[in-house]
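These notes are about the structure you will find just below.
Nothing here was measured: the structure is a model prediction, and the numbers come from that model.
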Amino acid sequence: MASPDIATNWKKVKELSACIGDYTWTAWDYLGEAGIGIVTYDGRLRFAKPYPAYLAYCGDFDITGYRRSMSYLHEIVFALRKTPYIAVQLPKHYGKEPMCTPWSFSVTVSSWTWKGQEGKNCLVEIYSDAPEVKLFVNGESVGRKPAGEEQDYRTLFDTAYVSGKIKATAYYEDGTTAHYSLRTAKDEEALCLLPDRVKLGKDELVYVAVELRDREETLQTAADRKICLRVERVGHMQGFGSANPVSEENFFDESRTTYYGRAMAVIRSGEDSGTIRLTAWADEAEEVSIEIEVE
């Protein structure tokens with residue numbers, strides 16, 4: 001099944017006793033079939049997007065391994081998550097008619113940081129299996145709406161963007177509630193290097209998330225910039241990329257522009273034991289370094 005049809009198709013799966021399994025195209029984004037999942041707003045539906053689109057952009061996980069909004073909707077449809085989830089459609093697209101392919105999902109980011117968009121309207125999506133959900137912006141209610149299976153687990157609120165905090169509350173029939181919130185990132189940004197492990201063997205890979213966060217560790221999704229990396233001692237760069245589906249940057253360069261605040265570096269250890277030292281820097285952000293032990 002394609003992501004936009006997940007709720008409808010899952011109803012059929014539950015009703016058909018002879019159905020033994022299902023799958024969604026696709027779990028992980030990939031190179032090729034360029035742009036089959038990219039949404040356009042120019043009035044033209046194009047299954048293949050022009051250069052420099054190079055990713056399919058239809059996965060639950062982006063090419064660097066981060067979960068996209070659709071994966072949380074799938075998790076809720078499959079009854080694996082009770083906490084609601086907030087995904088915000090880009091304010092710059094408000095009022096425009098999206099042109100989607102069968103593999104497209106709404107263009108959303110789980111963020112309440114939209115620099116330069118103050119006072120402009122946007123659509124806030126809440127995913128939940130609860131019968132009703134309510135949205136709060138800076139403590140004030142935007143409204144309470146039906147949710148759950150009858151709404152295909154996805155409810156939309158139309159509201160103006162103001163910095164601060166938004167919260168979704170899900171209301172269940174037994175009187176229990178569940179909550180999910182987002183905060184606006186502060187203007188200052190710090191580079192963060194987050195390896196998936198700090199020890200590895202010889203000739204092995206370590207995946208290092210490169211992120212822009214404020215002092216409270218909120219992801220800064222509205223201040224993308226080019227990050228430069230330097231690998232020293234007993235390792236070397238295997239690849240450096242982001243989830244941006246439209247880019248001319250090279251996976252083998254030692255610099256990369258973040259995409260909604262994130263990028264991913266892949267470092268390979270050599271044949272010698274010791275430490276890998278990874279250093280990152282960018283304009284308006286202090287240099288930061290980490291060390292990874294090679295046993």
Worked check of side-chain contact (heavy atoms from CB on, under 4.5 Å) between Arg256 and Ser247: CA-CA 10 Å; Arg256 190 76 180 204; Ser247 175; 4.0 Å; yes

In one Ile/Leu/Val/Met/Phe/Trp/Tyr side-chain cluster, 4.5 Å: Ile86, Trp112: yes

side-chain hydrogen bond (donor to acceptor under 3.5 Å, both in side chains) between Thr64 and Tyr259, worked out: CA-CA 11 Å; Thr64 63; Tyr259 185 63; over 6 Å; no

Nearest atoms (heavy-atom pairs only) where Thr101 meets Arg46: CG2-O, 3.9 Å

CZ on Arg230 to CD on Glu287, rounded to 0.5 Å: 5.5 Å

Contact check, side chains of Val88 and Tyr161, non-hydrogen atoms, under 4.5 Å: no

Spatial distance of atom CG (Asp283) from atom CD1 (Ile227) [nearest 0.5 Å]: 9.0 Å

Arg154 and Asp152 ion-paired at < 4.0 Å: no

Any donor-acceptor pair under 3.5 Å from Gln220 side chain to Ala222 backbone: yes

Any donor-acceptor N/O pair, Thr24 side chain to Thr26 backbone, under 3.5 Å: no

Flag side-chain contact, heavy atom, 4.5 Å: Leu278 against Val208: yes

Ser163 versus Thr184, side-chain donor and acceptor atoms under 3.5 Å: no

Criterion side-chain hydrogen bond (donor to acceptor under 3.5 Å, both in side chains) against Thr257, the qualifying member of Arg225, Glu249, Lys226: Glu249

Taking every non-hydrogen atom, the tightest pair across Thr40 and Lys49: CG2-CE, 3.4 Å

Geometric class of the Phe105/Tyr127 ring pair [parallel <30°, tilted 30-60°, perpendicular >60°]: perpendicular

No-hydrogen, no-angle side-chain donor-acceptor test under 3.5 Å, Glu211 and Tyr66: yes

Cluster link Leu182 to Leu90, ILVMFWY, side chain under 4.5 Å: yes

Heavy atoms of other groups near Leu16 CG, more than 12 under 6.0 Å: yes

Validation row: Thr159, Asn121 side chains within 4.5 angstrom (heavy atoms): no

More than 12 heavy atoms from other groups under 6.0 Å of CG on Asn250: yes

Any Lys14 side-chain heavy atom under 4.5 Å of Lys12 side chain: no

Candidate pair Ile63 and Leu31, rule side-chain contact (heavy atoms from CB on, under 4.5 Å), full reasoning: CA-CA 8 Å; Ile63 199 169; Leu31 299 171; 4.0 Å; yes

Enclosure of Lys145 NZ (heavy-atom neighbours >12, cutoff 6.0 Å): yes

Nearest heavy atoms of Val294 and Ser269, plus distance in Å: CG2-CB, 3.8 Å

same_hphob_cluster(Phe251, Met264) at 4.5 Å side-chain heavy-atom cutoff: no

Cluster link Tyr30 to Trp103, ILVMFWY, side chain under 4.5 Å: yes

Shortest non-hydrogen contact from Asn138 toward Val162: ND2-CG2, 3.7 Å

pair Lys165-Phe136: side-chain heavy atoms closer than 4.5 Å: no

Test item: Asp224 side-chain N/O and Gly261 main-chain N/O as donor-acceptor pair under 3.5 Å: yes

4.5 Å side-chain heavy-atom contact, Arg183 and Lys167: no

Taking every non-hydrogen atom, the tightest pair across Ala178 and Thr83: CB-CA, 4.3 Å

Sub-4.5 Å side-chain heavy-atom contact between Lys186 and Glu216: yes

Polar side-chain atom of Glu15 near backbone of Val13 as donor-acceptor pair, under 3.5 Å: no

Stepwise side-chain contact (heavy atoms from CB on, under 4.5 Å) test for Val133 and Thr169: CA-CA 6 Å; Val133 293; Thr169 297; over 6 Å; no

Atom CD of Glu140 with >12 non-hydrogen neighbours under 6.0 angstrom: no

Modelled atom types, side-chain donor and acceptor of Asp174 and Thr176, under 3.5 Å: yes

Asp42 side-chain N/O to Arg44 backbone N/O, donor-acceptor pair under 3.5 Å: yes

OH-OG1 distance between Tyr260 and Thr113, expressed to the nearest 0.5 angstrom: 12.5 Å

Heavy-atom pair with the smallest gap, counting every atom of Thr221 and Ser111: OG1-OG, 2.7 Å

Separation of Arg81 CZ from Leu73 CG (nearest 0.5 Å): 11.0 Å

Derivation of the side-chain contact (heavy atoms from CB on, under 4.5 Å) call for His179 and Lys134: CA-CA 10 Å; His179 312 276; Lys134 182 183 284 189; over 6 Å; no

Heavy-atom check, side chain of Val206 versus side chain of Asp196, under 4.5 Å: yes

Gap between atom OG1 of Thr279 and atom CG of Leu229 - 0.5 Å precision: 8.5 Å

Side chain Asp214, main chain Glu188, donor-acceptor under 3.5 Å: no

NZ/NE/NH1/NH2 to OD/OE distance under 4.0 Å, Lys82 and Asp129: yes

Val142 with Tyr171, same ILVMFWY side-chain cluster at under 4.5 Å: no

Ser106 and Glu125 side chains, donor-acceptor separation under 3.5 Å: yes

Cationic N near anionic O, under 4.0 Å, Glu271 to Lys202: no

Spatial distance of atom CZ (Arg233) from atom CD1 (Ile292) [nearest 0.5 Å]: 11.5 Å

